[in-house]
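Presented below is the structure to which this report refers.
What you see is a predicted model, and the numbers here were worked out from it, not measured in a lab.
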Amino acid sequence: MEREAGHHHQAGEVEAEAAHGHEHHHAGYRKHRVPRTIRERERRKSSGLVWALVILCTLLAVGVIVAGATVFAVYLIYKPKMPYLLVTDARLERLDYGQSGTILDLQVALTIQAENTNSKADATFSGVNLAVGFHGADVALLRAGTFAVARRSAVPLRYQITSVGRQLSPDGMQYMNGALGARVVPLDLFGKARTTWKVGIFASLQFWTRISCRFLFNYPGNGTAMPYDCRSKSP
């Protein structure tokens with residue numbers, strides 16, 4: 001009887017321990033289990049962020065489409081064209097050159113037109129900064145202040161260029177002797193100007209227009225330039 005009682009007592013202890021372990025397991029499970037309300041709240045929050053991103057991307061796409069359509073419509077209406085500089089007359093009137101390599105007297109008549117071919121917008125030219133050069137050496141600088149050019153019109157810039165006492169390099173001296181012997185004197189025109197004009201009420205366009213040309217003058221002779229097409233270009 002004592003043995004049986006002892007056996008039952010031990011069995012009771014095992015059962016008690018098992019029950020205790022089972023309760024401990026369930027307590028641990030309850031402790032680590034996330035409440036359903038919190039999980040649902042996190043799911044709702046994540047879903048809200050996704051929808052916000054979708055809406056934002058949609059708005060951006062619509063904005064890009066609208067902006068592109070607006071630009072295209074403005075282009076079709078105004079058809080903007082770049083204002084530019086165009087040389088309409090060039091004449092070498094006088095050239096006195098000393099054998100020491102010095103340009104004693106150089107006189108050139110040059111007419112440059114600021115052209116605006118836009119039909120719906122006036123243009124402004126500013127920062128006109130040009131130079132006349134011979135074989136890499138500047139012999140005269142040409143400048144002009146800010147001025148406006150009405151739509152479909154042009155403004156002539158007339159320059160009477162005089163250069164005195166310009167010393168050429170040995171290479172330039174040789175080049176000048178060859179040019180005078182061939183009766184064809186080359187002079188370069190280069191530089192830039194800033195152009196500004198509006199396209200409707202939406203934008204004010206501004207670009208640099210650059211010019212780079214070489215004129216071949218009949219000299220000694222009548223000083224006229226050979227046929228040329230000298231106009232500036234914008235990027």
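- Judged as a side-chain hydrogen bond (donor to acceptor under 3.5 Å, both in side chains), and not counting sequence neighbours, the contacts of Thr196 are Gln206.
- Nearest heavy atoms, Ala90 versus Tyr228: N-OH, 3.4 Å.
- Listed here is the closest heavy atom pair of Tyr159 and Ala144: OH-CB, 3.7 Å.
- For the pair Cys230 and Ile211, the minimum side-chain heavy-atom distance is below 4.5 Å.
- A continuous path of ILVMFWY side-chain contacts below 4.5 Å connects Phe134 to Ile161, so both sit in one hydrophobic cluster.
- Other members of the hydrophobic cluster containing Leu59, listed by chain and number, are Ile55; membership follows side-chain contacts under 4.5 Å among ILVMFWY residues, whether direct or relayed.
- Between Trp208 and Gly127, the closest heavy-atom pair is CZ3-O, 4.1 Å.
- Applying the side-chain hydrogen bond (donor to acceptor under 3.5 Å, both in side chains) definition to pairs two or more places apart or across chains, those involving residues 218-227 are Asn218-Thr224, Asn222-Thr224.
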### Message
Pair Thr195, Met82 - check side-chain contact (heavy atoms from CB on, under 4.5 Å), show working.
### Response
CA-CA 8 Å; Thr195 59; Met82 300 283 189; 5.6 Å; no
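- Both Leu189 and Leu92 are part of a single hydrophobic cluster, where members link through side-chain heavy atoms under 4.5 Å apart.
- Among residue pairs with one or both ends in residues 206-232, those qualifying as salt bridge (Lys or Arg N to Asp or Glu O under 4.0 Å) are Asp188-Arg214, Asp229-Arg231; sequence neighbours excluded.
- For the pair Asp171 and His135, the minimum side-chain heavy-atom distance is below 4.5 Å.
- Leu86 and Leu157 end up in different hydrophobic clusters when Ile, Leu, Val, Met, Phe, Trp and Tyr side chains are linked at under 4.5 Å.
- Applying the ring pair (Phe, Tyr, Trp, His ring centres under 6.0 Å) rule to pairs touching residues 96-131 yields Phe125-Phe147, sequence neighbours excluded.
- In this structure, Gly101 and Gln167 approach most closely via the heavy-atom pair O-NE2, 3.3 Å.
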### Message
Go through it in stages, so that I can follow the logic: the residues are Leu168 and Ile103, the test is side-chain contact (heavy atoms from CB on, under 4.5 Å), and I'd like the CA-CA distance, side-chain angles, deciding distance and then a yes or no.
### Response
CA-CA 8 Å; Leu168 299 179; Ile103 296 177; 4.1 Å; yes
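- Legend: residues meeting side chain to side chain contact (heavy atoms under 4.5 Å, CB included) with Arg94, ordered by chain and number and at least two apart, are Asp96, Asp105, Gln107.
- The shortest heavy-atom contact between Lys192 and Leu130 is N-CD2, 3.7 Å.
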#### Entry: Residue pair Leu187, Val108: steps toward the side-chain contact (heavy atoms from CB on, under 4.5 Å) verdict
CA-CA 10 Å; Leu187 291 176; Val108 179; 3.8 Å; yes
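- For Ser232, the side-chain hydrogen bond (donor to acceptor under 3.5 Å, both in side chains) partners at least two apart in sequence or on another chain are Thr209.
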With a cut-off of 3.5 Å and sequence neighbours excluded, list every side-chain donor-acceptor pair involving residues 175-184.
from, atom 1, to, atom 2, distance (Å)
Asn177, ND2, Met173, O, 3.2
Arg183, NH2, Pro220, O, 2.8

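- With sequence neighbours excluded, the residues that form a salt bridge (Lys or Arg N to Asp or Glu O under 4.0 Å) with Asp122 are Arg151.
- Every residue was checked against the salt bridge (Lys or Arg N to Asp or Glu O under 4.0 Å) condition with Asp138, not counting sequence neighbours, and none meets it.
- Heavy atoms only, all atoms of each residue included: Val128 and Ala193 are closest at CG2-CB, 3.8 Å.
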Would you be so kind as to tabulate the donor-acceptor pairs closer than 3.5 Å made by side chains of residues 110-117, with sequence neighbours excluded?
from, atom 1, to, atom 2, distance (Å)
Gln113, NE2, Glu115, OE2, 2.8
Asn116, OD1, Asn118, N, 3.2
Asn116, OD1, Asn118, ND2, 3.0
Asn116, ND2, Ala121, O, 3.0
Asn116, ND2, Val149, O, 3.2
Asn116, ND2, Ala150, O, 3.2

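- Note on Val87 and Tyr84: separate hydrophobic clusters, where clusters join Ile, Leu, Val, Met, Phe, Trp and Tyr whose side-chain heavy atoms are under 4.5 Å apart, directly or indirectly.
- Applying the side-chain hydrogen bond (donor to acceptor under 3.5 Å, both in side chains) test to Gln160 and every residue at least two apart in sequence or in another chain returns Glu93.
- Using a 4.5 Å cut-off on side-chain heavy atoms (C-beta onward), Phe215 and Pro186 make no contact.
- The distance from atom CZ of Arg194 to atom OG1 of Thr124, rounded to the nearest 0.5 Å, is 12.0 Å.
- Of the listed residues (Leu104, Leu141, Leu106), just one forms a side chain to side chain contact (heavy atoms under 4.5 Å, CB included) with Ser163, and that residue is Leu106.
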